[in-house]
Engineer: 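Encoded as structure tokens, here's the structure I'll be asking about.
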Amino acid sequence: MENHFDVIVIGAGAAGLTAGIYLSRAKLSTLILNEGTVGGQMVLTHEIANYPGFESISGYQLARNMKAQAQKFGCVIKSNIRITNLELESKTKSVEVNNKEVYTSHSIILATGGKSRTLGVPGEEKFKGKGISYCATCDGDFFQDKEIIVVGGGNTALEEAVSLTKYASKVTIVHQFDNFQALEHYVEEAKNNPKINFVMESKIIDFTGDESLQKVRIQNQATQKITEMKVDGVFIFIGYVPNTEKISDKIALNNYGEIIVDKNMATNIAGVYAAGDSIAKRYRQVTTAVADGTIAALSASEYMNELKKKMVHAISN
Ligand SMILES: Cc1cc2nc3c(=O)[nH]c(=O)nc-3n(C[C@H](O)[C@H](O)[C@H](O)COP(=O)(O)OP(=O)(O)OC[C@H]3O[C@@H](n4cnc5c(N)ncnc54)[C@H](O)[C@@H]3O)c2cc1C
């Protein structure tokens, strides 16, 4: 039964690794399966300055610590794999990996995370984390007295633009349309803020710099005129994509593709839980992913205990 585990966790970001720590420490055999490198979005972050207990830590180091902690308790972690089939409905869940091995478990935690929607223009990949950010709470503090751009015209963009004025000396909102999609009070608040100005009907067409971001080129959508702007940072808030496309036919999702869970992180399928950035929620941080992972693991532990009791009862009868 070496391919059978009490719980399989899919995804080794902050949520999945935390679940792994709690489950293994509770003596439940646990397998974490992860596409790509262990750590998820944490490893994209050069500095995390808001994770309690660490004044400042690199995302890579925090991920390494979490991984080592989970392994210390006996959690098995397999990374750089591809899940090729997933069976969630039956009592014994099964996960096929790389079209080859099949792992089974009584319970599954989905912790597949997500990613911010990107502009997809030249230079964006190069300057991610070097001037380009998708998270004001995470990176706003690095732009004290700097001039920044916020891209987007929805609630998040307008709300975060206002919050970034706590740090930045000037915030320019660049939006592709001539009106905002945000609620009126967010728009009013931004318009009344003396540090914020607006470049409407315009799109960033590329990012340039040397080690870090220095300039953007902006194209007006009505006139096609291109202007160059010097800038210290750009925050992009044009939506969020949960990593649920591969499980969209297996589990209940909301209209945004986020996994629907209750307060115990339980999904619509018995024994299947979800945690972290892939679930329907408002705030996406390492701390919130860790909290979700904890709750999902405790719920899965309780589910396993109930299941074991039922099995013992069935055998003794
Ligand atoms: C640039 C950047 C900076 C940030 N800075 C901060 C910060 O300073 N402070 C803070 O608190 N938060 C920060 N965040 C947010 C924080 O990193 C995330 O909210 C948190 O790490 C989410 O953890 P997660 O485990 O839910 O998901 P993720 O980190 O996204 O991990 C999910 C994992 O699941 C894997 N996966 C996806 N699909 C599958 C599949 N089908 N099969 C197997 N594996 C799969 C992924 O490869 C990934 O490893 C930042 C995010 C970014 C992008």
Side-chain angles (χ1 to χ4, degrees), residues 3-20 23 30-44 63 66-67 70 75-118 120 125 128 134 238-262 265-281 284 286 288-289 292-293 295-297 299-300 303:
N3 280 3
H4 183 80
F5 291 81
D6 288 322
V7 186
I8 294 176
V9 180
I10 300 182
L17 290 170
T18 304
L23 292 163
T30 306
L31 169 69
I32 304 183
L33 295 169
N34 189 64
E35 264 183 12
T37 325
V38 170
Q41 293 172 69
M42 279 189 292
V43 297
L44 304 174
M66 289 186 189
K67 180 184 173 190
C75 183
V76 179
I77 302 176
K78 291 184 188 290
S79 55
N80 297 310
I81 55 88
R82 197 165 61 85
I83 290 176
T84 41
N85 199 21
L86 187 60
E87 175 49 57
L88 299 177
E89 292 279 352
S90 48
K91 226 176 198 168
T92 301
K93 325 288 182 198
S94 72
V95 186
E96 184 194 74
V97 168
N98 299 338
N99 286 315
K100 263 199 334 246
E101 316 92 73
V102 175
Y103 299 97
T104 56
S105 65
H106 294 299
S107 176
I108 289 217
I109 296 177
L110 302 167
T112 53
K115 48 195 166 290
S116 297
R117 203 179 291 283
T118 58
E125 275 303 314
K128 261 184 197 171
Y134 303 83
I238 55 168
Y240 178 80
V241 193
N243 293 327
T244 54
E245 64 283 359
K246 291 185 187 157
I247 50 170
S248 58
D249 57 340
K250 314 266 182 203
I251 200 98
L253 305 177
N254 66 13
N255 291 340
Y256 303 104
E258 300 160 336
I259 303 169
I260 300 168
V261 290
D262 67 12
M265 302 293 145
T267 67
N268 61 317
I269 301 175
V272 181
Y273 302 86
D277 281 12
S278 56
I279 68 167
K281 64 174 180 179
R284 292 186 164 88
V286 178
T288 58
D292 298 341
I295 297 166
S299 300
Y303 176 82

Engineer: Look up atom NZ in K250 and atom CD in E87, then write down how far apart they are to the nearest 0.5 Å.
Structural biologist: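 Reported value, rounded in 0.5 Å steps: 6.5 Å.
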
Engineer: Kindly indicate whether the side chain of L23, heavy atoms from C-beta on, has any atom under 4.5 Å from the side chain of D6.
Structural biologist: no

Engineer: Salt bridge check: are E258 and R284 linked by an N-O gap of less than 4.0 Å?
Structural biologist: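 Result for this pair is yes, salt bridge flagged.
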
Engineer: May I have the step-by-step check of side chain to side chain contact (heavy atoms under 4.5 Å, CB included) for E101 and I81, ending in yes or no?
Structural biologist: CA-CA 11 Å; E101 316 92 73; I81 55 88; 5.8 Å; no

Engineer: Considering non-hydrogen atoms only, spot the tightest contact between V43 and A63 and give its length.
Structural biologist: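 Looking at all heavy atoms of both residues, the shortest contact is CG1-CB, 4.0 Å.
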
Engineer: Could you state the interatomic distance from OG1 (T104) to NZ (K93), rounded to the nearest 0.5 Å?
Structural biologist: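 Going from the OG1 atom of T104 to the NZ atom of K93 covers 12.0 Å.
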
Engineer: Please determine whether side chain to side chain contact (heavy atoms under 4.5 Å, CB included) holds for the pair I83 and I247, giving the CA-CA distance in whole Å, both sets of side-chain angles, and the decisive distance to 0.1 Å.
Structural biologist: CA-CA 10 Å; I83 290 176; I247 50 170; over 6 Å; no

Engineer: Do Y103 side-chain atoms and V97 backbone N/O form a donor-acceptor pair below 3.5 Å?
Structural biologist: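 Side chain of Y103 to backbone of V97: no pair is present.
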
Engineer: Please say whether more than 12 non-hydrogen atoms of neighbouring residues, nucleotides or ligands are located less than 6.0 Å from CD in E125.
Structural biologist: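 No, not enclosed.
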
Engineer: Are any side-chain N or O atoms of N254 and backbone N or O atoms of Y256, one a donor and one an acceptor, separated by less than 3.5 Å?
Structural biologist: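 Flag set: sc N254 to bb Y256 pair under 3.5 Å.
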
Engineer: Is K67 atom NZ crowded by more than 12 heavy atoms from other residues, nucleotides or ligands, each under 6.0 Å away?
Structural biologist: no

Engineer: Evaluate side chain to side chain contact (heavy atoms under 4.5 Å, CB included) for L33 paired with I8, printing each intermediate quantity in order.
Structural biologist: CA-CA 7 Å; L33 295 169; I8 294 176; 3.9 Å; yes

Engineer: Quick one: are Y134 and R117 in side-chain contact, heavy atoms under 4.5 Å?
Structural biologist: no

Engineer: If you look at every heavy atom in I32 and G20, which pair is closest and at what distance?
Structural biologist: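 That closest heavy-atom pairing would be CD1-CA, 4.0 Å.
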
Engineer: Does the N3 side chain pair with the main chain of V102, one donor and one acceptor, at a distance under 3.5 Å?
Structural biologist: yes

Engineer: Any heavy-atom pair between the side chains of T244 and I251 that's under 4.5 Å?
Structural biologist: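 I251 does not reach T244 side chain to side chain.
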
Engineer: Side-chain contact test, heavy atoms from C-beta onward, threshold under 4.5 Å: evaluate it for K281 versus D292 and give yes or no.
Structural biologist: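 K281 vs D292: side chains touch.
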
Engineer: Could you tell me if the side chain of I259 sits less than 4.5 Å from the side chain of T267, heavy atoms only?
Structural biologist: yes

Engineer: Between L86 and I10, which heavy-atom pair has the shortest distance, and what is it?
Structural biologist: CD1-CD1, 3.7 Å

Engineer: Does the side chain of R82 come within less than 4.5 Å of E35's, by heavy atoms?
Structural biologist: yes

Engineer: With side chains defined as the heavy atoms from C-beta onward, is the minimum distance between S107 and V7 less than 4.5 Å?
Structural biologist: yes

Engineer: Would you check if the side chain of S79 reaches a backbone N or O of V38 as a donor-acceptor pair within less than 3.5 Å?
Structural biologist: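 Flag not set: sc S79 to bb V38 has no pair under 3.5 Å.
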
